[in-house]
Trainee: 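I have a structure here, written as structure tokens, and I will follow up with some questions on it.
In what follows, chains carry the letters A, B, and so on, assigned in the order in which the sequence lines appear, proteins first and then strands, with residues in each chain numbered from 1. Please read all numbers here as calculations on a predicted model, not as lab measurements.
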There are 2 protein chains.
Amino acid sequence: MAHTSKKKIRASHQDTRGLILKTGLNLFTTRGYFNTSIHDIRAEADISIGSIYHYFKGKEAIAKALYDDLVNSMNKEITDIISTNDSVRECSRALVHYLFSMTDNSPITTEFMLHAKHREFMPDEPPFCSTEPFEMIKALVERGIAQGEIREMDSIVATTCLFGPAFRYILLHLDGTVKGPLEPYVDAIWSTSWRGVKQ
Amino acid sequence: MAHTSKKKIRASHQDTRGLILKTGLNLFTTRGYFNTSIHDIRAEADISIGSIYHYFKGKEAIAKALYDDLVNSMNKEITDIISTNDSVRECSRALVHYLFSMTDNSPITTEFMLHAKHREFMPDEPPFCSTEPFEMIKALVERGIAQGEIREMDSIVATTCLFGPAFRYILLHLDGTVKGPLEPYVDAIWSTSWRGVKQ
DNA sequence: GTCTATATAGTGATAGAC
DNA sequence: GTCTATCACTATATAGAC
């Protein structure tokens with residue numbers, strides 16, 4: 001009789017690979033990458049070690065696949081935001097809104113992207129702040145300076161002052177220091193940051 | 001009252017405990033806590049496993065001792081800064097200066113304090129952003145709002161906007177995204193942040 | 001493709017001589 | 001206090017049946 005339930009749970013996902021990724025993301029962010037073993041993922045996903053190694057070369061490959069997926073997805077989103085807003089002012093506000101709503105809607109994903117120390121478990125990866133999404137944001141700020149929307153100043157300083165508070169606020173939220181949804185604070189954070197850099 | 005100087009059997013380091021802490025801090029921050037084994041610390045410090053376990057209950061205890069020491073030291077420093085500057089404006093600038101010069105002088109210490117995910121290896125510790133140093137900074141900002149130096153707004157938002165850029169800039173530096181000493185950027189970062197929150 | 005069983009290496013930690 | 005030798009355990013990863 002025990003055997004009857006063996007397959008039922010897995011009806012929801014025809015995609016074992018996706019299940020592994022999802023489970024990995026959950027455990028990596030809640031317990032930490034190094035506090036999560038392949039066996040933990042196996043147990044949580046209710047599959048076998050063999051299956052995991054069928055789809056991924058190893059534990060690090062799971063993290064790498066997650067990371068690549070999520071960087072790409074952020075990249076698309078940010079490209080879209082930048083291309084559909086005219087002024088740098090509007091763009092920056094939309095970006096803060098995107099980051100906050102992403103944190104509200106999928107805090108685990110956000111934690112993995114913005115808070116994890118990727119290089120500790122993916123030693124060959126460049127730092128996250130040198131990835132494409134960040135480059136695009138820096139380019140946006142440079143445009144703002146060139147067009148006079150933002151005061152003349154070092155572009156990294158300007159980028160940091162404009163988006164640093166948002167990143168910091170997200171971190172406080174993920175740490176549990178700030179409770180409740182972030183979205184209501186988009187304007188408070190963004191407008192104060194903007195006030196600091198605007199012409 | 002006979003004062004005899006502390007014995008030094010070993011000329012190089014009379015203080016084995018201190019050597020272990022120093023070595024631990026170095027390895028924990030450069031390789032990461034989980035990528036550092038007790039045996040690594042043993043080899044790097046050129047002592048024996050037995051010595052390490054004579055002074056510390058285990059690996060986590062080394063991290064905990066480091067953490068406590070450094071939180072205390074930051075705590076003292078921040079208390080001092082707040083008590084020797086009158087206006088919140090001056091205080092906040094001095095705090096940014098302190099954080100930047102600490103990063104320049106001992107990046108490894110700063111990395112361990114501001115960037116490490118302590119809860120992954122010290123599960124019982126409250127989040128760093130809830131520790132005394134951060135509470136003091138928040139209280140400072142609240143004073144600034146009460147006295148009219150800072151605009152009326154949520155105090156956590158104000159704290160985040162005033163110090164978020166500095167923390168973010170430090171992070172970029174520790175990541176390797178920004179090169180060179182941070183101290184020359186104290187005013188650029190601080191004045192822009194202050195501009196956002198001031199009355 | 002999925003499974004179980006197992007190989008291999010490295011971990012944190014202990015015992016006990018000196 | 002410091003050392004060497006060794007423990008018990010867990011981790012990643014592989015082999016091979018079905």
Side-chain angles (χ1 to χ4, degrees), chain A residues 2-25 27-28 30-67 118 120-124, chain B residues 4-28 30-67 118 120-125:
Chain A
H3 287 212
T4 56
S5 61
K6 192 125 198 225
K7 283 212 162 222
K8 69 157 198 259
I9 303 180
R10 255 172 278 151
S12 53
H13 62 274
Q14 58 278 61
D15 176 14
T16 305
R17 195 189 120 99
L19 176 66
I20 295 167
L21 285 174
K22 189 182 124 197
T23 310
L25 176 62
L27 294 180
F28 289 163
T30 51
R31 303 181 188 176
Y33 177 82
F34 291 101
N35 291 325
T36 302
S37 73
I38 298 275
H39 290 277
D40 292 336
I41 297 175
R42 184 214 66 75
E44 183 74 16
D46 194 28
I47 55 176
S48 71
I49 291 279
S51 273
I52 295 179
Y53 279 95
H54 176 76
Y55 288 102
F56 297 97
K57 204 181 130 249
K59 182 178 161 183
E60 190 181 324
I62 299 176
K64 181 74 164 58
L66 278 169
Y67 184 74
H118 305 107
E120 283 189 5
F121 50 90
M122 304 184 313
D124 298 331
Chain B
T4 58
S5 56
K6 294 201 167 150
K7 56 196 55 155
K8 42 158 109 171
I9 307 302
R10 294 192 168 212
S12 52
H13 58 88
Q14 51 223 91
D15 179 13
T16 304
R17 197 188 118 98
L19 176 67
I20 295 166
L21 285 174
K22 189 183 123 197
T23 310
L25 176 61
N26 266 288
L27 294 180
F28 289 163
T30 53
R31 304 181 187 176
Y33 177 83
F34 291 101
N35 291 324
T36 302
S37 72
I38 296 276
H39 292 273
D40 292 336
I41 297 175
R42 184 213 66 76
E44 183 74 15
D46 194 29
I47 54 175
S48 70
I49 291 279
S51 273
I52 295 179
Y53 279 96
H54 175 75
Y55 289 102
F56 296 98
K57 204 181 130 246
K59 183 179 163 182
E60 191 181 321
I62 299 176
K64 182 73 163 58
L66 279 169
Y67 184 75
H118 305 108
E120 282 189 6
F121 50 90
M122 303 185 311
D124 299 331
E125 216 54 32

Trainee: Which nucleotide sits closest to the side chain of Thr16(B): dT4(C), dG1(C), dT2(D)?
Mentor: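 Of the candidates, dT2(D) comes closest.
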
Trainee: What is the separation between atom CD1 on Ile47(A) and atom C1' on dT4(C), rounded to the nearest whole Å?
Mentor: 14 Å

Trainee: So, does His54(B) get its side chain near the phosphate of dT2(D), meaning an N or O under 4.0 Å from OP1 or OP2?
Mentor: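 No, His54(B) has no side-chain N/O under 4.0 Å of OP1/OP2 on dT2(D).
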
Trainee: Quick one: closest heavy-atom pair of Leu21(A) and Ile62(A), and the distance?
Mentor: CD2-O, 3.8 Å

Trainee: To the nearest Å, how far apart are Phe34(A) CZ and dG12(C) C1'?
Mentor: 16 Å

Trainee: Output all residues satisfying side-chain hydrogen bond (donor to acceptor under 3.5 Å, both in side chains) with Ser37(A), sequence neighbours left out; order by chain, then residue number.
Mentor: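 Listed in chain order: Asp40(A).
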
Trainee: Report all interatomic pairs (protein N or O, nucleotide N or O of nucleotides 10-12 of chain D) with separations under 3.5 Å.
Mentor:
{"from": "dT12(D)", "atom 1": "OP1", "to": "Lys59(A)", "atom 2": "NZ", "distance (Å)": "3.0"}
{"from": "dT12(D)", "atom 1": "OP2", "to": "Ile38(A)", "atom 2": "N", "distance (Å)": "2.9"}

Trainee: Determine the interplanar angle of the Phe121(B) and Tyr33(B) rings, folded into 0 to 90°, and report it as parallel if under 30°, tilted if 30 to 60°, perpendicular if over 60°.
Mentor: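 Correct class here is parallel.
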
Trainee: Could you work out, with side-chain hydrogen bond (donor to acceptor under 3.5 Å, both in side chains) as the rule, every residue matching Lys64(B), not counting sequence neighbours?
Mentor: Asp68(B)

Trainee: dT11(C) P sits how many Å from Asn35(A) CG, rounded?
Mentor: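 Answer to the nearest Å: 16 Å.
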
Trainee: So which protein nitrogen or oxygen atoms get under 3.5 Å of nucleotides 16-18 of chain D's nitrogens or oxygens?
Mentor:
none

Trainee: Return the value, rounded to whole Å, for the distance between atom CD1 of Ile41(A) and atom P of dA13(D).
Mentor: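 About 11 Å, once rounded to whole Å.
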
Trainee: With respect to the phosphate group of dT2(D), does any side-chain polar atom (N or O) of Ser48(B) fall under 4.0 Å of OP1 or OP2?
Mentor: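 Ser48(B) to dT2(D) OP1/OP2: no side-chain N or O under 4.0 Å.
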
Trainee: Please, which pairs that meet ring-ring contact (aromatic ring centres under 6.0 Å, His included) have at least one residue in residues 43-67 of chain B, sequence neighbours excluded?
Mentor: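 For residues 43-67 of chain B: Tyr67(B)-His118(B).
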
Trainee: Which pair of heavy atoms, one from Thr16(B) and one from Ser51(B), lies closest together, and at what distance?
Mentor: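 Result for this residue pair: CG2-CB, 4.5 Å.
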
Trainee: Taking all heavy atoms of Ala45(A) and all of Thr23(A), pick out the closest pair and write down the distance.
Mentor: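 So the two residues come closest at CB-OG1, 3.6 Å.
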
Trainee: Pick the nucleotide of DNA chain D nearest each of Ser51(B) and Lys57(A); which residue has the one closer to the 5' end?
Mentor: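 Whichever sits nearer the 5' end wins; that is Ser51(B).
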
Trainee: Please identify which of these residues, Leu27(B), Asn26(B), Thr36(B), meets the side-chain contact (heavy atoms from CB on, under 4.5 Å) condition with Glu44(B).
Mentor: Leu27(B)

Trainee: Taking only residues at least two apart or on different chains, which pairs with a member in residues 50-61 of chain A satisfy salt bridge (Lys or Arg N to Asp or Glu O under 4.0 Å)?
Mentor: none

